[in-house]
Amino acid sequence: ELFFMSNKRFLICVFSLLAVFALVLTSCAVTPVTEQSKEQSAQQNGTESALESEVSVSPEEVLASAALTIENGGEKLIDKEISGTVVINTKESLTLVLKNATVKSDNGPAIYVLNSKDLTIKLEGNSTLTDGASYATAFAGAKGALFSEDDLLISGSGSLTVTGNYAHGLVCDDGITVESGEITVVSAVKDAVHANDLVKISGGSLTVQQASGDGIHCEANVEISGGK
């Protein structure tokens, strides 16, 4: 009987130790990091999550949401007020003349260049571009009031006033060249002028009144040989 009681006490001690050990392991377990937890962490730190930056939108969705579409080359004139987004999608050379034009969108960029082989924006008179503080899903790929997927050249004797309520003022995934014209970025949530490959200023003027990011930001080269 004494032997049985001793074994019973021994088994109770063993089970108690195992239970404590299991609790310690549970409290020390590491929770695996998932894509969802990464997104939550990024949002808490005020940064853009990888999931947000990978939104895929088809050209058809963008075109369907445009207030005005330009799909042919040549010279096109905008000399009026447009409420919504002007979308350019052409494989031909295009000169877009902004003559005393006002383009304002509440839910996207003012001008969205999806595709353009050779695009020049020519300034005549005084024109303004203003984008929305938030973008509709169709415009999720855009990043500023004037956004171009391809190279962009700005020229002319007129002026362009830009307000970037969503992100950048002028932005290009390739290169921006300013030959002439007076450009004023009234405000930009991020950079006033932003490009991936090149920002080249050979004439005209660029005035940045307010930008939370940089006045001019380029991932590659900035070339300034003229202008003011």
Are L152 and L94 connected, step by step, through hydrophobic side chains (Ile, Leu, Val, Met, Phe, Trp, Tyr) whose heavy atoms are closer than 4.5 Å?
-> yes

Which value, rounded to the nearest 0.5 Å, describes the distance between L98 atom CG and L129 atom CG?
-> 6.0 Å

Please lay out, stage by stage, how N115 and K91 fare under the test side chain to side chain contact (heavy atoms under 4.5 Å, CB included).
-> CA-CA 7 Å; N115 185 27; K91 295 181 180 180; 3.4 Å; yes

Heavy atoms of S180 and G156 approach each other most closely as OG-N, 2.8 Å

Does one hydrophobic cluster hold both V87 and V171, with members joined at side-chain heavy-atom distances below 4.5 Å?
-> yes

Given the rule in the side chain to side chain contact (heavy atoms under 4.5 Å, CB included) test, do E149 and V113 qualify, once you have shown the distances and angles that lead to the verdict?
-> CA-CA 6 Å; E149 300 271 8; V113 184; 5.8 Å; no

What's the spacing between I176 CD1 and I201 CD1 if we round to 0.5 Å?
-> 9.0 Å

Could you label the plane-to-plane angle of the Y166 and Y135 rings as parallel, tilted or perpendicular, counting under 30° as parallel and over 60° as perpendicular?
-> parallel

Indicate yes or no: at least one non-hydrogen side-chain atom of V193 is less than 4.5 angstrom from one of V199.
-> yes

For I82, which residues count as a side chain to side chain contact (heavy atoms under 4.5 Å, CB included) partner, sequence neighbours excluded?
-> A67, L68, I78, K80, V86, V103

Are N126 and S159 linked by a side-chain donor-acceptor pair shorter than 3.5 Å?
-> yes

Taking the side chain as every heavy atom from C-beta outward, state whether V186 and T161 have any atom pair closer than 4.5 Å.
-> yes

Evaluation steps, side chain to side chain contact (heavy atoms under 4.5 Å, CB included), between N89 and V62 = CA-CA 10 Å; N89 185 41; V62 177; over 6 Å; no

List, by chain and number, the other hydrophobic cluster members for V97, where Ile, Leu, Val, Met, Phe, Trp and Tyr join if side-chain heavy atoms come within less than 4.5 Å, directly or indirectly.
-> L77

Closest non-hydrogen atom pair, A211 against K190 = CB-O, 3.7 Å

Output all residues satisfying salt bridge (charged side-chain N to carboxylate O under 4.0 Å, His left out) with D151, sequence neighbours left out; order by chain, then residue number.
-> none

Taking only residues at least two apart or on different chains, which pairs with a member in residues 213-228 satisfy salt bridge (charged side-chain N to carboxylate O under 4.0 Å, His left out)?
-> none

Quick one: closest heavy-atom pair of N165 and V189, and the distance?
-> O-CG2, 3.1 Å

Measure the spacing between CG of D150 and CG of D197 and express it to the nearest 0.5 Å.
-> 10.5 Å

Taking the side chain as every heavy atom from C-beta outward, state whether E179 and I154 have any atom pair closer than 4.5 Å.
-> no

In this structure, which one of I88, T85, L146, T69 forms a side chain to side chain contact (heavy atoms under 4.5 Å, CB included) with Y112?
-> T85

Is K99 atom NZ crowded by more than 12 heavy atoms from other residues, nucleotides or ligands, each under 6.0 Å away?
-> no

For K104, enumerate each residue passing the salt bridge (charged side-chain N to carboxylate O under 4.0 Å, His left out) test, keeping only those at least two apart in sequence or located in another chain.
-> none

What is the minimum heavy-atom distance between T120 and S155, and which atoms define it?
-> CG2-OG, 3.6 Å

Closest contact, heavy atoms only, E92 versus T90 | N-OG1, 3.0 Å

For the residue pair N100 and S127, what are the closest heavy atoms and their distance?
-> N-OG, 3.3 Å

Do L96 and I111 have side chains that get closer than 4.5 Å, going by heavy atoms?
-> yes

Going by heavy atoms in the side chains, are D174 and N196 under 4.5 Å from each other?
-> no

Distance, nearest 0.5 Å, that separates CD1 of I121 from NZ of K76 = 15.0 Å

Option among L153, V222, T177, V178 that satisfies the side chain to side chain contact (heavy atoms under 4.5 Å, CB included) test with K200 = T177

Taking it one step at a time, do L170 and V162 satisfy side chain to side chain contact (heavy atoms under 4.5 Å, CB included)?
-> CA-CA 8 Å; L170 307 174; V162 180; 3.7 Å; yes

Taking K143 as the fixed residue, which of D191, D173, D131 is the one that meets the side chain to side chain contact (heavy atoms under 4.5 Å, CB included) rule?
-> D173

CG on D118 to OG1 on T95, rounded to 0.5 Å | 7.5 Å

Output all residues satisfying ring pair (Phe, Tyr, Trp, His ring centres under 6.0 Å) with F139, sequence neighbours left out; order by chain, then residue number.
-> none

Say you draw a straight line from OG of S83 to CG of D106; how long is it, rounded to the nearest 0.5 Å?
-> 6.0 Å

Polar side-chain atom of Q210 near backbone of S187 as donor-acceptor pair, under 3.5 Å | no

Can you tell me if S105 uses its side chain to pair, donor with acceptor, with the backbone of N107 under 3.5 Å?
-> yes

